[in-house]
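Counting begins at 1 with the first residue of the sequence.
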Amino acid sequence: MRIAYICADSGIPIFGEKGCSIHVQEILRGLLKRNHQVHLFSPRLGENKPDDLQTIKLHKLLPIPKVAQGLREKIALSMNSEIDAVLEVLDFKKPFDLVYERYSLWSYGAMEYARKKSIPGILEVNAPLILEQQKYRGLVNLQEAETVSIKVFNAATTIIAVSDEVKNYVSQYVKNPNKIKVIPNGVNADRFNPKKITSNGYFTLGFVGSLKPWHGLPILLDAFEKFHHHYPQSRLLIIGKGPESDRLQTEINQKNLNSAVKLTGSVPPDAIPFLLEQMDVAVAPYPPLDKFYFSPLKVYEYMAAGLPVVASHIGQIKDVIKHGNNGLLCLPGDSNALSEAFIRLMRSPQLRHQLGTSARQTILGHYTWDHVVKKILRLAKEAEQTYLKVA
């Protein structure tokens, strides 16, 4: 197939190090693996194109300047005519078989183009972006954002939601909710070696992420402080950089944990497997959230690495992790329960091995990017058959 992949979100560097960047790269990788020709459209490509993605045809959309928020939103909205025009030119040379888009706040042109050409248009939705923008970054043109959502969700042939909560969010905008399919995120398990139970004198807990307010890092730090008080040979490794970095460092200083907690800052994706190998237990300590719509990549990576995972009993996590089978679950926000789970795992290397082994088996059986891309292409085929019947 000849596939147009659109990511109009200027906050996503396609070949960057963010979780969203890795997500895009892995979908692209899965499409290339099946010998499809992929054209990528984005205003922010990033610096280093991976060797195995060299055959992708790149089309850089106009960047969005750093101006006042309201004007920036208007400029992003104007990108739709650019997307339509570029697709039209390329499609004239040789028609596309599929238009695939990662949903962004102001983009609807790609899905409307697919509908105009009567080809499958698949829209991947990873988050309720209007709610996120309002809460964390600010949104000036709310009504226009709502209008874009209605346009793009209804123009898409098929919508892929990464979680049930995202599906529920999208459902309020679409006339036909049956076209919304839930496909959780995945992981490239080949990047990770199963964890071996070893001892370097320290018991290391670990976290990977972009250090956002909703990641529950203050809860993790409280739990670790309690744990470390009883087991001073313990260490906490926090991998990543983000909005909470400075506040987290301040808390570490106040708790006198500088010698026991290490913040790595930003690291390249290819360093993550090595850093996971330094951990004995990996943690996803999400706080109580009314709408937990995430499909956390970190959890899948922890599990693929064969690590025992301690995570919050919330959202999609509680569906992936079965308590006592392939991980341990705690009530969101309960630092005492986290600390007790750390103690339980530290005292039992056998339990750590059992949970880690089962976790990796869960990933290999259900949550690889290969599984994800197969499902996407199956939906594209079904959409194509629908158009053929209509024709």
Hey, does the side chain of [X] reach the backbone of [Y] with a donor-acceptor pair shorter than 3.5 angstrom?
{"X": "Gln278", "Y": "Phe274", "answer": "yes"}
{"X": "Arg72", "Y": "Pro65", "answer": "yes"}
{"X": "Tyr113", "Y": "Leu87", "answer": "yes"}
{"X": "Thr362", "Y": "Ser358", "answer": "yes"}
{"X": "Lys179", "Y": "Ile159", "answer": "no"}
{"X": "Arg44", "Y": "Ser10", "answer": "yes"}
{"X": "Thr368", "Y": "Leu364", "answer": "no"}
{"X": "Glu17", "Y": "Asp270", "answer": "no"}
{"X": "Arg360", "Y": "Gly356", "answer": "no"}
{"X": "Glu112", "Y": "Ala155", "answer": "no"}

Considering only heavy atoms from C-beta outward, does the side chain of [X] approach that of [Y] to under 4.5 Å?
{"X": "Tyr108", "Y": "Leu77", "value": "yes"}
{"X": "Arg2", "Y": "Lys57", "value": "no"}
{"X": "Lys33", "Y": "Asp370", "value": "yes"}
{"X": "Ser234", "Y": "Thr204", "value": "no"}
{"X": "Met279", "Y": "Ile239", "value": "yes"}
{"X": "Tyr169", "Y": "Leu131", "value": "yes"}
{"X": "Glu26", "Y": "Arg29", "value": "yes"}
{"X": "Glu244", "Y": "His215", "value": "no"}

Given the rule that I, L, V, M, F, W and Y join up when any side-chain heavy atoms are under 4.5 Å apart, are [X] and [Y] in one cluster?
{"X": "Ile6", "Y": "Val148", "result": "yes"}
{"X": "Ile83", "Y": "Ile14", "result": "no"}
{"X": "Leu90", "Y": "Tyr100", "result": "no"}
{"X": "Ile150", "Y": "Val170", "result": "yes"}
{"X": "Phe207", "Y": "Tyr231", "result": "yes"}

If you draw a 6.0 Å radius around [atom1] in [X], do more than 12 non-hydrogen atoms from other residues or ligands fall strictly inside?
{"X": "Lys255", "atom1": "NZ", "result": "yes"}
{"X": "Gln143", "atom1": "CD", "result": "no"}
{"X": "Lys322", "atom1": "NZ", "result": "yes"}
{"X": "Lys375", "atom1": "NZ", "result": "yes"}
{"X": "Tyr136", "atom1": "OH", "result": "yes"}
{"X": "Asn176", "atom1": "CG", "result": "yes"}

Would you give the length of the straight line joining atom [atom1] of [X] to atom [atom2] of [Y], rounded to the nearest 0.5 angstrom?
{"X": "His229", "Y": "Ser339", "atom1": "NE2", "atom2": "OG", "result": "10.5 Å"}
{"X": "Asn178", "Y": "Ile180", "atom1": "CG", "atom2": "CD1", "result": "8.5 Å"}
{"X": "Ile22", "Y": "Ile12", "atom1": "CD1", "atom2": "CD1", "result": "11.5 Å"}
{"X": "Trp369", "Y": "Asn185", "atom1": "CH2", "atom2": "CG", "result": "4.5 Å"}
{"X": "Leu31", "Y": "Ile3", "atom1": "CG", "atom2": "CD1", "result": "4.5 Å"}
{"X": "Lys49", "Y": "Ile56", "atom1": "NZ", "atom2": "CD1", "result": "6.0 Å"}

Salt-bridge criterion met for [X] and [Y] (N-O under 4.0 Å):
{"X": "Asp280", "Y": "Arg235", "result": "no"}
{"X": "Lys226", "Y": "Asp222", "result": "no"}
{"X": "Lys116", "Y": "Glu88", "result": "yes"}
{"X": "Arg344", "Y": "Glu340", "result": "no"}

Could you tell me which non-hydrogen atom of [X] sits nearest to which non-hydrogen atom of [Y], and how far apart they are?
{"X": "Met346", "Y": "Phe227", "result": "SD-CZ, 4.0 Å"}
{"X": "Met111", "Y": "Gly121", "result": "SD-C, 3.6 Å"}
{"X": "Asn325", "Y": "Leu355", "result": "O-CD2, 3.4 Å"}
{"X": "Gly206", "Y": "Leu236", "result": "N-CD1, 4.4 Å"}
{"X": "Glu101", "Y": "Ala110", "result": "OE1-CB, 3.4 Å"}
{"X": "Leu32", "Y": "Asp52", "result": "CD1-O, 3.7 Å"}

field: Verdict with supporting geometry, His323 and His313, side chain to side chain contact (heavy atoms under 4.5 Å, CB included)
entry: CA-CA 9 Å; His323 183 72; His313 186 277; over 6 Å; no

task: Compute the ring centroids of Phe292 and Tyr286, then answer whether they are less than 6.0 Å apart.
output: yes

- prompt: Under the side chain to side chain contact (heavy atoms under 4.5 Å, CB included) criterion, do Val310 and Cys330 qualify, and how do the steps go?
  reply: CA-CA 7 Å; Val310 179; Cys330 301; 3.9 Å; yes

message: As a quick check of understanding, evaluate salt bridge (Lys or Arg N to Asp or Glu O under 4.0 Å) for Glu301 and Lys298, giving each step before the final call.
response: CA-CA 5 Å; Glu301 291 189 342; Lys298 66 170 64 62; over 6 Å; no

- request: I would like to know whether Phe203 and Phe342 meet ring pair (Phe, Tyr, Trp, His ring centres under 6.0 Å); could you show each step before the answer?
  value: CA-CA 10 Å; Phe203 184 80; Phe342 299 159; 8.1 Å; no

task: Take Leu297 and Val187 through the side chain to side chain contact (heavy atoms under 4.5 Å, CB included) test and state the conclusion after the steps.
output: CA-CA 7 Å; Leu297 291 178; Val187 66; over 6 Å; no

message: Please determine whether side chain to side chain contact (heavy atoms under 4.5 Å, CB included) holds for the pair Arg34 and Lys374, giving the CA-CA distance in whole Å, both sets of side-chain angles, and the decisive distance to 0.1 Å.
response: CA-CA 10 Å; Arg34 288 161 178 80; Lys374 281 181 180 178; 3.4 Å; yes

query: Between Phe41 and Phe96, what is the ring plane arrangement, given parallel below 30°, perpendicular above 60°, and tilted in between?
result: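 The rings of Phe41 and Phe96 stand perpendicular, inter-plane angle above 60°.
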
query: Do Tyr103 and Ser149 meet the criterion of a side-chain donor-acceptor pair at a distance under 3.5 Å?
result: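 Short answer, yes.
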
- prompt: Are Glu73 and Gln69 close enough, and set up right, to give a side-chain hydrogen bond (donor to acceptor under 3.5 Å, both in side chains), and what steps lead you there?
  reply: CA-CA 6 Å; Glu73 292 172 5; Gln69 181 68 28; 3.1 Å; yes

message: According to salt bridge (Lys or Arg N to Asp or Glu O under 4.0 Å), who are the partners of Glu144, at least two apart in sequence or on a separate chain?
response: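 Checked Glu144 against salt bridge (Lys or Arg N to Asp or Glu O under 4.0 Å); matches are Lys74.
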
